[in-house]
Amino acid sequence: MGSYLSTTAKDPDDVTEWITYQKRKQELETKHKVTNRQGSGVSENQGTSNLEVHNGNLERGKGNSKETKSETILQPFSPKGVKSRQNQGANGVRGPNSALTEFLRSRGITANEIRRRAEQRAAEAAATPETPDDTSSALPAAVAIAAAATTSATTPAARRTRRAVAEESEAGPSTAAVSTSTASTGKKSKKRKKGGDGGDDGDHWNPYAKAIPVPGQIDFCAECNCRFTVTAYSRNGLDGDGLLCNTCGARDAKTQKADKKKRVQVKRAKKSTAQLILDGSNGGPKSLRELCINLVAKYIDDVEALGDIGTMNMDLICQIIARNRRLNSNTMKLFLDPGSTRLNIYDCSKIEADELQSIAAIVPTLRHLSLAFCGNINDAVLDYYAEKLTSLTSFHLGGPFLVTKACYDRFFRVVGPRLTTLILTDTARVNADVISSLVDNCQNLTELRLSDLNKFDDECVRLLTGLGKLEILQISNPGQDVTSGAVIDVLNSVGSGLKELDLSRCIGLTDEVLNAIHDCCPRLQILSIEDCELFTEAGLGSLFVNWTKNQGLSRVNFSRVINFSDDNLTSLLRHSGGTLEILNLNSCGKLTYAGLQAFLVKEGDCMKRLEDIDLGFIRQVDDMIVEGLAKRCANLRVVKVWGVPKMTQMVDVPRSVTVVGREADLL
Amino acid sequence: MAETNSVVLVSNDNFQFVVRKSAATVSPAIKSMLDRRSNFAEARENKIVFQNMNAVILEKVCEYFYYNEKYRDAKDVPDMDIPPELALELLMVADFLHT
């Protein structure tokens, strides 16, 4: 192994790094019981078979050809490679590896290398069936044909790498990974052969393509066979079988360039129309107001004061610049209008805590304050709000992960009695203690939205039974298990007043909750049970059958309720067809074409108020369904059809209806 | 006096703009001002004086009326060119005119 150091020709610095690397490696690998290498960088044979393989390979490699070997296996040592390897070790749990695999990884031998070798191995296996290789039987015939071509041109280097792979396969558990990669490449190469791929898709490595000559070399033109010097600008032949000479290449250059330009233009135009559709615009002329708002938002950094443009317009500008991630301490000040009562800051992530505090100092008259993504807000700010915002009744905090439990308690004690709306999302500090303080102090709450709280569990849910005035309740995506029993308790005590109920992504809920909704919520108008997978077809059906207490729902979100069926749809529309405004059936995969058609033909007439329907990822939907829907629902404005492959550009809907998410608009 | 199918818009610094009625009625506010049934002075004289707009702004507004009329049924409309310094004032005016 003394030859090892000399072949890599490392300089002294690299050697010391190598030594430290080896020491760390030693620590890592004692767990895996893999052979250690001693600090000198020369491995000591400790009688482990893995290491012998390693040694043997190096010795044999030397015998073949020293130069190619140092190119492929012993690349110059790079500290970077070591670092990434250590990261790998720290991140993922790896099983025991052979010394060779370990070594190759430390050398940064990439997947491409492995794939190439796997390919060769496959070729060899096909040519000589007696080689013990369990994957050879699974390989497609195309590889076997290809094998004949490659084996005839076997170089010493190829033979060596092949042997290396064979040894690796003997060496241990890493074989599994290698053999799967063999199988997949086998499939790929078959596809390539079938398609007659002209090798211009640069990132795919094609084992059968001719090597691309280096600029400066002499080559023969693929078309006219004349001799020419290869340059960096030489073009590929159309069949992918080599380079073209200057004259042949220049012939098609102009048309190719024009084609490419045209393709890019078409793609760009489609992209911008798709964007417009997403923004809800129908492509017609924008209103003067919209034009001005966009312009102000564009030059927001140069605006000194917004002046008397009205709160609506201010809010729109705020939304636009928040979306463009330009809402910061400076731009925020433009929206602080002393004396105003409502303030929405849609993105506080770039606003420091003291700037957030200044909101209460500048606009103490606020009644509604909404701070989204307010990760910078801390206890001091919230205490200051409690003290200064004396008329606050509606408060939204999104992502206040620095605020502590004690501070919530203080805040609710002071502000709680006058709060009617509270929205609290995305924090891990809200637990049963905070909720209990909330319930004790905020007795006047009519709207409570709690979503994405990591520590929200059944106990928290049960506490909510104490909020008798609730009209809007949202418990979505709780971090802990929320079970039917707790939710039913809440519905039993507050359900009679509820107008809106959102139980999205409470994945543990079962049919009993639906029964409770049926029994307890006569005034319900808005219902969302997104992603509740355990609801059965029967349960969903019984919710709407004989629900005479309820006057009809206006917004329903059943997206990803996988058991929602045709019958359920019919019973939903029989019950709420006349009142529905927004209907979300995204990913309700059980709906059939016949069912959808029946719901359009029979029940469609009653959906007079329907404005917005989401039919995304219901594969059965096609142009006919959407056309029928648009014909029957006079108020329809938006139809969302993401992931519906049968929708085409030819769908004939009135101009007032926007179809969002068609594949044809994007591709 | 302008013809009946056009209307005179006057700015607060006394610049007069003669605009086609079909274009000016892009704004619901102007449309109702010119409604004969309402018997406003504006409708009788076919002339509207805007105390809250100067000539520069009113010119842009007129430009927008024609722009909107021209592209009413078109798709993929290019945005109208508005100088950034006028944006805020125009925004207030746009609110006033409901356009």
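Worth knowing before you read on, the calculation uses all heavy atoms, side chains too, and leaves out hydrogens, waters and symmetry mates. Residue numbers start from 1 in every chain, and the chains themselves are labelled A, B, ... in the order their sequence lines are given, proteins ahead of strands.
Ionic pairing of A:Asp623 and A:Lys646 is not present here: no N-O contact between side-chain nitrogen and carboxylate oxygen is shorter than 4.0 angstrom. Between B:Lys60 and B:Glu63 there is a salt bridge, since at least one side-chain N of the basic residue sits less than 4.0 Å from a carboxylate O of the acidic one. Residues A:Arg555 and A:Asp612 are not paired through a salt bridge, judged by the lack of any N-O separation under 4.0 Å between the basic side chain and the carboxylate.
Proximity to chain A (any heavy atom under 4.5 Å) is shown, for B:Tyr71, by both the backbone and the side chain.
Within residues 291-310 of chain A, the residues approaching chain B closer than 4.5 Å by heavy atoms are, in numerical order, A:Leu291, A:Cys292, A:Ile293, A:Leu295, A:Val296, A:Tyr299, A:Val303, A:Ala305, A:Leu306, A:Asp308, A:Ile309.
Looking at heavy atoms from C-beta onward, B:Leu97 lies in side-chain contact with B:Met53 at the 4.5 angstrom threshold. In this structure, the side chains of A:Met647 and A:Val659 come closer than 4.5 Å at one or more pairs of heavy atoms. B:Asp95 is listed as a side-chain neighbour of A:Asn313, based on a closest heavy-atom distance under 4.5 Å.
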